[in-house]
Amino acid sequence: MARYNPKESEPRWVKAWDQAGVFATKAQSDAGDQPKYYVLEMFPYPSGRIHMGHVRNYAMGDVVARFKRARGYNVLHPMGWDAFGMPAENAAMERGIHPKGWTYDNIASMRQQLKLLGLSIDWSREFATCDPDYYGHQQAWFLSLLQKGLVYRKEGVVNWDPVDMTVLANEQVIDGRGWRSGAVVEKRKLTQWFLRITDYADALIEGLGGLDRWPDKVRTMQENWIGRSRGLRLRFQFADQAPTGFEAGLEVYTTRPDTLFGASFLAIAPDHPLSDALAKANPAVAAFVADCRKGGASGADIETAEKKGLDTGLCVRHPLDPNQTLPVWIGNFVLMDYGTGAIFGCPAHDQRDLDFARKYALRVQPVVLPPGQDPRTFSVGLEAYTGPGTVFNSQFLDGLDIETAKARVIDQIEAAGQGKGATVYRLRDWGVSRQRYWGCPIPVIHCQACGVVPVPREQLPVILPDDVTFDRPGNPLLRHPTWRHVACPTCGAAAERETDTLDTFVDSSWYFARFTDPKAADPINTAAADYWLPVDQYIGGVEHAVLHLLYARFVTRALKDTGALDVAEPFAGLFTQGMVTHETYRGPDGQWVEPQSVEIIAEGNSRRAVMIDGGAPVVIGDIEKMSKSKKNVVAPEDIFDAYGVDAARLFVMSDSPPERDVQWTNGGVEGAWRFVHRVWTEFDSQPEGAVAKVPYSHESRALDLLKAAHRLIGALTDSIEAFRFNGGIAKLYEFLNIIKGLPAAGATPEILSARADALSILARLVAPFTPHLAEACWERIGGDGMAVNAPWPVLDPELAADDQRILPVQINGKRRGEVTVLAGLGHAEVEQIALADEGVARHLEGLTVRKVIVVTDRIVNIVAN
RNA sequence: GGGGACGUGGCGGAACUGGUAGACGCGCCGGACUUAAAAUCCGUUGAUUUCGGUCGUCCGGGUUCGAUUCCCGGCGUCCCCA
């Protein structure tokens, strides 16, 4: 009897799968009547090394892919590389390595590591987004969007990252800092390329309704991100002489027209045209506006920044009450690109307005009365009232509820020609220009005479030049001696290429479509995409809930409108998996220490830690996401080396629900490793060669084993379908314990025969989780072909059904005994059996039975007093 | 400030739509094997107990024959938005 050796077994089976080409995806024409299934994990950034998060992500996808294969689906399960981006340029700047070489070297080593994982991937479809073939096709569809008017250039205020020297999308600014560099973001005016995602705002909201296999959380986040609100645009006239160019008044946008009578001031954005005009004439205004430029441009940044304002001295008339005038301020909390860049402030019912009013001693007039409050005494202090209530202090609106009042004001303003009801979105058009080298060049040419000219199709791809320098900050494309100088495709005059490259989120917004035919002559092979899309199961981190997942939905819709595709939603099913965490450790000097240099000492139920080297005490810290900075990292290769790939795959899925974080522990992976060995031991103890088939009707233990096996088929199938891998794995452990109770040594022919059937089932059920082990086991029992090609075991409903039930018997809700009855037995019979039970009868002594509740196959509860 | 999720043994977690709380794993404790240790294997393991029980799913109420599950009010942790 040989011990299972993963180091020998695992590479052998990876090679066997590879040689048999089992993971090559069938084209639609070869699939016959097999249904298709597209499983995709978010493709990795080629940082150079895989980490445990990758192991968990790809192991989960592999479980689904292998399961669906075994269930008879034609499965597409590809892999590629999200390969453009800043880290490659940082490596170039810090170490003088070319981004291209750095990236492709990283891909080579990560590919090798991923292949160790034994994933059922069709590697023939692999590509990297930095391959000229890929980004050339991206340039082609970009131009088709340009032609459709979905791409445009505009000067706008942008988030500028002074460290990376590039523009960031709002989504990439977190707490006022660049998401990658961490530098405080500045506002700058620049001409940028934009994708018209706002054209699809409504469609992107409506589409969420059909995504019933997405987590609610993600759908809510996207809806909030798009932030549709209905409101009113209305015009305020200047009370005195209007400033030149603003004779028509000031247009503001509000979502609370019901509070119009509570308005006490107007505020305009620092970059509002009126602010510009006033700044030209007044140095104090100019200085204030300049001051406001500091800090991030996103809503959250502005919200958290201190409210600051400057009184312009101008006044406007209240549109519904000509006797009232309101001062016009410039406010740093007003956003130019939301609504009209101007608001009316109603301090009593908006917290920002209230903060502002309290700071500058402006009037605070409540106009919404909370339920149960007295209109004579109700006042607003430092907290604005934003809840429901009745409108008051508002002339013709008095007594109305908020929604009715909103409608009345909109009607009134529209009738007077002072404005119009309007829908606005928090979502902005997607700024895709990046002033970086390592990205997809935007395929246009700027000509003095012809303006912006698309690069002709036949000249695509516009390839990045290799000979660039990184000795200075800024965009290497801009200072390349020749690359950008070209002849205008239209007039032939000297012209210049666009030197901005595309945001890398563009690269990842369509790769799933390219995978359906990665060698196609067009960006997307429409027939192949129609067959495979949408992705049936997409798996990745929840951190992409708004960025990547919203962009991909938009691009898919946009490409549909250009005719390149025929689906609107790219991902029918989405699963967001949790992270891999680990305890943190700090050494005697307070520095982080890596787990492998720490020894944990158990003392009863508590534990402490010391340095392996020297025995100095170590402080056990919080459990956090594995990160290099906290050193709480275990390297996948080390784990594969010590315990094998199967044990690592099994453990990252066994200890926690997949959507939650899993805590990596040594004990846990050792448990998974023990499971692998115990499974092998059961197979290896079975006599070699075919086992004589014996009908297992006489010996109940043999029949029980088969029944357990068939119940396991049902339970595990359900667990995988429902993404409850931890529960499914627990069932596998449970079954292993049952089969161990009937060892092969000294077994009767009947038991041996039942074991043979049970083991055949077990080998196929463990295959999605521990595929190499499954092959070894399958081979050991003489299975037909390879386990990877074996069909999923079929559940025999008669065997899986339980004919006997153990029902707990409660008296007044407390468990007092149990009775064994036939499944489905009627209430009256069960009641009789329960009351006759000796233990139950004892507890009923001196009591009168008032009522007996029987829940079929579940429980009996006797009410007595 | 708004919205959401969560809170169960020493630990990770299980319990399908209200029906035996603690599956499965880890750890601990005990035993076998060993000169010894590691590994492996077997067993115990929510608390308490006068061994009849009693208590127990963050806290306080409620609905119910029955609540980890549903409702109301707190406390705490995490996430998203502002």
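Just so we're on the same page: letters track the sequence lines, and every chain starts at 1.
- At a cut-off of 3.5 angstrom, the base of B:C81 holds no donor-acceptor pair with the side chain of A:N224.
- For A:F769, the ring-ring contact (aromatic ring centres under 6.0 Å, His included) test picks out no residue, with sequence neighbours left out.
- Pairs engaging residues 641-665 of chain A under the salt bridge (Lys or Arg N to Asp or Glu O under 4.0 Å) rule: A:K7-A:D641, A:D62-A:R649 [sequence neighbours left out].
- Rounded to whole angstrom, the span from the CD atom of A:Q577 across to the P atom of B:C79 amounts to 17 Å.
- With a glycosidic angle further than 90° from 0, B:G43 counts as anti.
- Counting any heavy atom pair closer than 4.0 Å across all strands shown, A:R678 reaches sugar-phosphate atoms only and no base atom.
- When only modelled atom types and interatomic distance are considered, A:D429 and A:T198 share a side-chain donor-acceptor pair under 3.5 Å.
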Scan nucleotides 31-34 of chain B against the protein and return all N/O pairs shorter than 3.5 Å with their distances rounded to 0.1 Å.
none

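- Counting to the nearest Å, the C1' atom of B:G4 and the CZ atom of A:R219 are 14 Å from each other.
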Between N or O atoms, less than 3.5 Å apart, protein on one side and nucleotides 22-24 of chain B on the other: list the pairs.
| residue | atom | partner | partner atom | Å |
| --- | --- | --- | --- | --- |
| B:A23 | O2' | A:E734 | OE2 | 2.8 |

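- For the P atoms, the distance linking B:G56 with B:A67 amounts to 11 Å, nearest Å.
- Within 4.0 Å (heavy atoms only), A:V863 reaches sugar-phosphate atoms of the nucleic acid but no base atom.
- Legend: residues meeting ring-ring contact (aromatic ring centres under 6.0 Å, His included) with A:H843, ordered by chain and number and at least two apart, are absent.
- Contact of the A:V546 side chain with the A:N224 side chain is not registered, since no non-hydrogen atoms from C-beta on lie closer than 4.5 Å.
- Comparing B:U20, B:U40, B:G53 by their closest approach to the side chain of A:R816 singles out B:G53.
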Between protein and nucleic acid, restricted to nucleotides 15-17 of chain B and to nitrogen or oxygen atoms under 3.5 Å apart, what atom pairs and distances do you find?
| residue | atom | partner | partner atom | Å |
| --- | --- | --- | --- | --- |
| B:C16 | N3 | A:R858 | NH2 | 2.6 |
| B:C16 | N4 | A:R858 | NE | 3.0 |
| B:C16 | N4 | A:R858 | NH1 | 3.2 |
| B:C16 | N4 | A:R858 | NH2 | 2.1 |

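- A gap of 41 Å separates the C1' atoms of B:C29 and B:G61, to the nearest Å.
- Within the 4.5 Å cutoff, the side chain of A:I539 has heavy atoms near those of the A:N57 side chain.
- Contact check, A:R660 against B:A14: a side-chain N or O comes under 4.0 Å of OP1 or OP2.
- Minimum atom distance to the side chain of A:I806 is reached by B:U20, of the listed B:U20, B:C26, B:G19.
- What separates CG of A:L354 from C1' of B:G1 is a distance of 12 Å, to the nearest Å.
- Atom CE of A:M52 and atom P of B:G12 are 20 Å apart (whole Å).
- Rounded to the nearest Å, the gap between the C1' atom of B:U8 and that of B:U68 is 7 Å.
- In this structure, A:L807 places its CG atom 21 Å from P of B:C65, rounding to the nearest Å.
- B:A5 atom C1' lies 13 Å from atom CG of A:D661, rounded to whole Å.
- Not counting sequence neighbours, A:F735 has no partner by the ring-ring contact (aromatic ring centres under 6.0 Å, His included) test.
- Here B:G7 is in the anti range [glycosidic angle more than 90° from 0].
- If you check every strand for non-hydrogen atoms under 4.0 Å, A:S656 touches sugar and phosphate atoms only.
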Test A:R219 against A:D216 for salt bridge (charged side-chain N to carboxylate O under 4.0 Å, His left out), laying out the working first. CA-CA 5 Å; A:R219 291 195 288 178; A:D216 288 341; 2.7 Å; yes

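- Nearest nucleotide to the A:W225 side chain, out of B:U40, B:C81, B:G19: B:C81.
- Inter-residue side-chain proximity for A:M653 and A:P658 is flagged as unmet; no heavy-atom pair is nearer than 4.5 Å.
- By the 30° and 60° cut-offs, the orientation of the rings of A:W430 relative to A:F554 is perpendicular.
- Every side chain to side chain contact (heavy atoms under 4.5 Å, CB included) that A:T717 has, sequence neighbours left out, goes to A:F67, A:R71, A:I713, A:E721, A:W792.
- Comparing B:G27, B:C42, B:C65 by their closest approach to the side chain of A:K851 singles out B:C65.
- In this structure, A:Y643 places its OH atom 12 Å from P of B:C26, rounding to the nearest Å.
- Distance A:N666 CG to B:C26 P: 13 Å, rounded to the nearest Å.
- Applying the side chain to side chain contact (heavy atoms under 4.5 Å, CB included) test to A:T423 and every residue at least two apart in sequence or in another chain returns A:R228, A:R230, A:Y425.
- There is no side-chain donor-acceptor pair under 3.5 Å between A:Q577 and A:R56.
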N/O contacts under 3.5 Å, protein versus nucleotides 55-57 of chain B?
| residue | atom | partner | partner atom | Å |
| --- | --- | --- | --- | --- |
| B:C55 | OP2 | A:K814 | NZ | 3.4 |

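- Using a 4.0 Å heavy-atom cutoff across all strands shown, A:R607 reaches no nucleic acid atom at all.
- For A:W673, the ring-ring contact (aromatic ring centres under 6.0 Å, His included) criterion is met by A:Y643, A:H677, not counting sequence neighbours.
- By the side chain to side chain contact (heavy atoms under 4.5 Å, CB included) test, A:K625 pairs with A:M579, sequence neighbours left out.
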